[in-house]
2 protein chains.
Amino acid sequence: MSRAETPRRGSRSGRAGIRDVAAAAGVSITTVSDALNGKGRLPDATRRHVREVADRLGYRPSAAARTLRTGKSGLIGLTVTTYGDEPFTFTEFAYFAEMARAATSAALARGYALVILPATSRHDVWSNVALDGTVVIDPSDQDPVVSELVRQGLPVVSDGRPAGALPVTAWVDNDHEAAVLGILDHLADAGARRIGLLTGTTTDTYTHLSTTAYLRWCERVGQDPVYEAYPAHDPCAGAVAADRLLARPDRPDAVYGLFDPNGTDLLAAARRYGLRVPDDLLLVCCSESAVYATTEPPITTLSLKPRRIGTAVVQLLIDAIEGVESDQPVEQVIPTELIVRTSSERRSPRTTVSPPRSPEEG
Amino acid sequence: MSRAETPRRGSRSGRAGIRDVAAAAGVSITTVSDALNGKGRLPDATRRHVREVADRLGYRPSAAARTLRTGKSGLIGLTVTTYGDEPFTFTEFAYFAEMARAATSAALARGYALVILPATSRHDVWSNVALDGTVVIDPSDQDPVVSELVRQGLPVVSDGRPAGALPVTAWVDNDHEAAVLGILDHLADAGARRIGLLTGTTTDTYTHLSTTAYLRWCERVGQDPVYEAYPAHDPCAGAVAADRLLARPDRPDAVYGLFDPNGTDLLAAARRYGLRVPDDLLLVCCSESAVYATTEPPITTLSLKPRRIGTAVVQLLIDAIEGVESDQPVEQVIPTELIVRTSSERRSPRTTVSPPRSPEEG
DNA sequence: TGACCTTGCAGAAACGTACCTGTCAACGGG
DNA sequence: CCCGTTGACAGGTACGTTTCTGCAAGGTCA
């Protein structure tokens, strides 16, 4: 029998298709498509009628078919680095959560959704999802996933400037050197004579830039570097490293910790050694966590502004996807924010009357 | 001209398709498909040859086409509740991050990826992504999104037992009543005479069940309830509520806080009122955060085991998607874990010599 | 009355894959 | 020699859209 004699029965596969809507509305498929997508030249009456019939049938356009036809899926990959089997690390929880939250919002506002894709994931998963582009967090030096994506012609925007010659479409980052130098100056201003650093053994850009900045600052002011490095993805190692740092014979009288849990770890270590904060030890750490506002004493933190980064990254990516000639530069530097609290407050105030508020407060 | 005379040129649209591979390998499209997907009856030589040619051409199958054809996208929605514009709330950061992490891993291991989709998101985003199923966190009473998904015949598994008659495929939850009762007994054992509760004003199941359990416990032991409720999604309100609770004339001598930041907030409030923990005030809060291990003093926490929940939810969902007749029940209760620390340790030890180590330590 | 445009819609060709249905050769048994 | 079987492939259709290209009917203008 010829196929002309076997017309599709309505809703053959359960769900109503555009054909069923067309048949029910007594118009052509084209008209339905145009009516629902606001295209074509149709009188409002037809448009309304089609919309109404579609509603009545509970018609939902097939995302797969649309993607196949248009080449756009409306999906953005969110690539996170992994340690071991787990996506994203404990250390970065607060940062990642805030960043992902902002990215999700920003993407959503422009009609995109985010797909979580660990960088080391099975290749078949990567190739099984149609992405319009990808946000990659802290890409490693020769990330094969990123190279592959770029080779496929997909836009890739990275959070953190790409190491090496990774050819990303755009990137967003903080000025980590400036942030570290600012903190060291802040601590020195507060009376620190020997500033220590709690850093990581990993080779990512953040750790590397921050450590280098510290070493350069030490050289400039003529201080011997005092630092301990530990594998940042191991939460227990951080406590041990904090302890080691304060147990050294050349114990620092101020410490900056590069990672989120360093603040509580250093505080605990200080208590063990009977050091008062900030009297005997000034403390600053890089964190997005709110707990440091209520610790005893509250701890000064550096915020990397993950919300702004997440938003900026997504905007850049979607601009690239949609071919918008953005007036934004493709390399954006987001300023950090130092939230000064008791743990780094001036050791010997020159006066007992309250000093004028610095612009950093409030 | 007839279309037979316009054969497709190789890689017309930039990327190589299955046709190009077939042409280059000198076989048919069917053979390529079978060879790459491990189906059909092909000699190994042909299979290897096709695979090699595909590799050489950098062939990547189109996820959209595959999805359209097979009806499976390999994508799972991760629906989070929203407060205001932002997906998921600050209060649930640690819980959500851990849960999402475990869910991502579990999905990945079975070849699926997660799409973050706030429940209140624009409808066009929801309908623009082809989902095989959805995980929904803490579905509200009459969640329109969930109803819609179920009506489309998609499997929906919820984290948290569904309120009302929400027809989810399966759910995973803790036994919140039992957990609260256990904590109250634990505090009473430690010498608490009047136990207070820091709870929320929202109507979600977790808050409701926990508060009810508290009230019932009070009734049973004959204690007047002492609690403060605040909008849990507002981080500042938590500190105020903690303060209010300790400022009451009928001040409790032990407090359980239902939300993650309650521990530090209560600790700070206790300091303001000169209360020593645990001597004057026993403290427990529900949290997944590691900071409570290093506060002064360390605070006893209840863990809801988000990793286990995330894993279980995804397994149930994928079983439903793939039609696996799971031997797991469709309603799973994950046990909670009370991590006992100094803040809830027995007030008047019977002896001054160090007690034997309890199995919970270490 | 043509020539020409505009309006309102229909037909049909992709998009790239998976899979059902042949087809053809080789082979073996009766 | 015939028939059934099996291995190794090719053809072609369907998945559900979007969109390009018609194509009549009606209006306008010379």
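Residue numbers start from 1 in every chain, and the chains themselves are labelled A, B, ... in the order their sequence lines are given, proteins ahead of strands. Quick note: numbers below take in every heavy atom, side chains included, and nothing from hydrogens, waters or symmetry partners.
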Is the shortest side-chain N/O distance from Arg66(B) to OP1 or OP2 of dA18(C) below 4.0 Å? yes

Which part of the nucleic acid, if any, lies within contact of Ile29(B), taking any heavy atom under 4.0 Å across all strands shown: a base, the sugar-phosphate backbone alone, or nothing? nothing

Would you say the side-chain atoms of Thr31(A) and Ser28(A) include a donor-acceptor pair closer than 3.5 Å? yes

Gap between atoms CG and C1', on Asp34(B) and dG7(D) respectively (whole Å): 13 Å

Are any protein N/O atoms closer than 3.5 Å to N/O atoms in nucleotides 21-24 of chain C? If there are, list each pair with its distance.
none

Looking only at atom types and distance, does a side-chain atom of Thr104(B) sit under 3.5 Å from a main-chain N or O of Ala100(B), one as donor and one as acceptor? yes

Students should find that the end-to-end axis angle of the helix from dT1(C)-dA30(D) to dG30(C)-dC1(D), with five pairs defining each axis and rounding to 10 degrees, is 60°

Identify whether any heavy atom of Arg47(B) sits under 4.0 Å from a base atom; if not, whether one sits that close to sugar-phosphate; answer base, sugar-phosphate or nothing. nothing

Roughly, in whole Å, what's the span from CG in Leu42(B) to C1' in dC19(C)? 13 Å

What is the nucleic acid contact for Ser62(A), judged by heavy atoms within less than 4.0 Å: base, sugar-phosphate only, or nothing? sugar-phosphate

Round to a whole Å and report the spacing from CD1 of Ile18(A) to C1' of dA13(C). 15 Å

Tell me: CG of Leu68(B) to P of dC19(C), nearest whole Å? 13 Å

Go through dG8(C), dG16(C), dT17(D) for me and flag the one nearest to the Ala65(A) side chain. dT17(D)

May I have the distance from Asn128(A) (atom CG) to dT17(C) (atom C1'), rounded to whole angstrom? 12 Å

Between dC15(D) (P) and Lys72(B) (NZ): distance, integer Å: 16 Å

As a quick check of understanding, evaluate salt bridge (charged side-chain N to carboxylate O under 4.0 Å, His left out) for Lys39(A) and Asp34(A), giving each step before the final call. CA-CA 5 Å; Lys39(A) 303 192 172 178; Asp34(A) 283 350; over 6 Å; no

Does a nitrogen or oxygen in the side chain of Thr46(B) sit under 4.0 Å from OP1 or OP2 of dC9(D)? yes

note: Tyr59(B), atom OH; dA18(C), atom P; distance rounded to Å ~ 6 Å

Might you work through the side chain to side chain contact (heavy atoms under 4.5 Å, CB included) test for Glu322(B) and Lys72(B), ending with a clear yes or no? CA-CA 10 Å; Glu322(B) 298 182 346; Lys72(B) 296 290 164 203; over 6 Å; no

Does dC19(C) have OP1 or OP2 sitting under 4.0 Å from an N or O in the side chain of Lys39(B)? yes

Quick check against the 3.5 Å criterion: does Ser73(A) have a side-chain atom that pairs as donor or acceptor with the backbone of Ala130(A)? yes

Are the side chain of Ser33(B) and the backbone of Ile29(B) linked by a donor-acceptor contact shorter than 3.5 Å? no

May I have the distance from Arg69(B) (atom CZ) to dA14(C) (atom P), rounded to whole angstrom? 20 Å

Begin with the C-alpha distance, continue with both residues' side-chain angles, and end with the deciding distance and a verdict on side chain to side chain contact (heavy atoms under 4.5 Å, CB included) for Ile309(A) and Tyr95(A). CA-CA 10 Å; Ile309(A) 290 187; Tyr95(A) 177 90; 3.6 Å; yes

Does the pair Glu148(B) and Gln152(B) meet the rule for a side chain to side chain contact (heavy atoms under 4.5 Å, CB included), with working shown? CA-CA 6 Å; Glu148(B) 164 80 10; Gln152(B) 282 182 30; 2.9 Å; yes

Cationic N near anionic O, under 4.0 Å, Arg308(B) to Glu98(B): no

Ionic contact status for Arg110(B) with Asp319(B), cut-off 4.0 Å: yes

Look at the side-chain N and O atoms of Ser28(B) and state whether any lies under 4.0 Å from the OP1 or OP2 oxygen of dC9(D). no

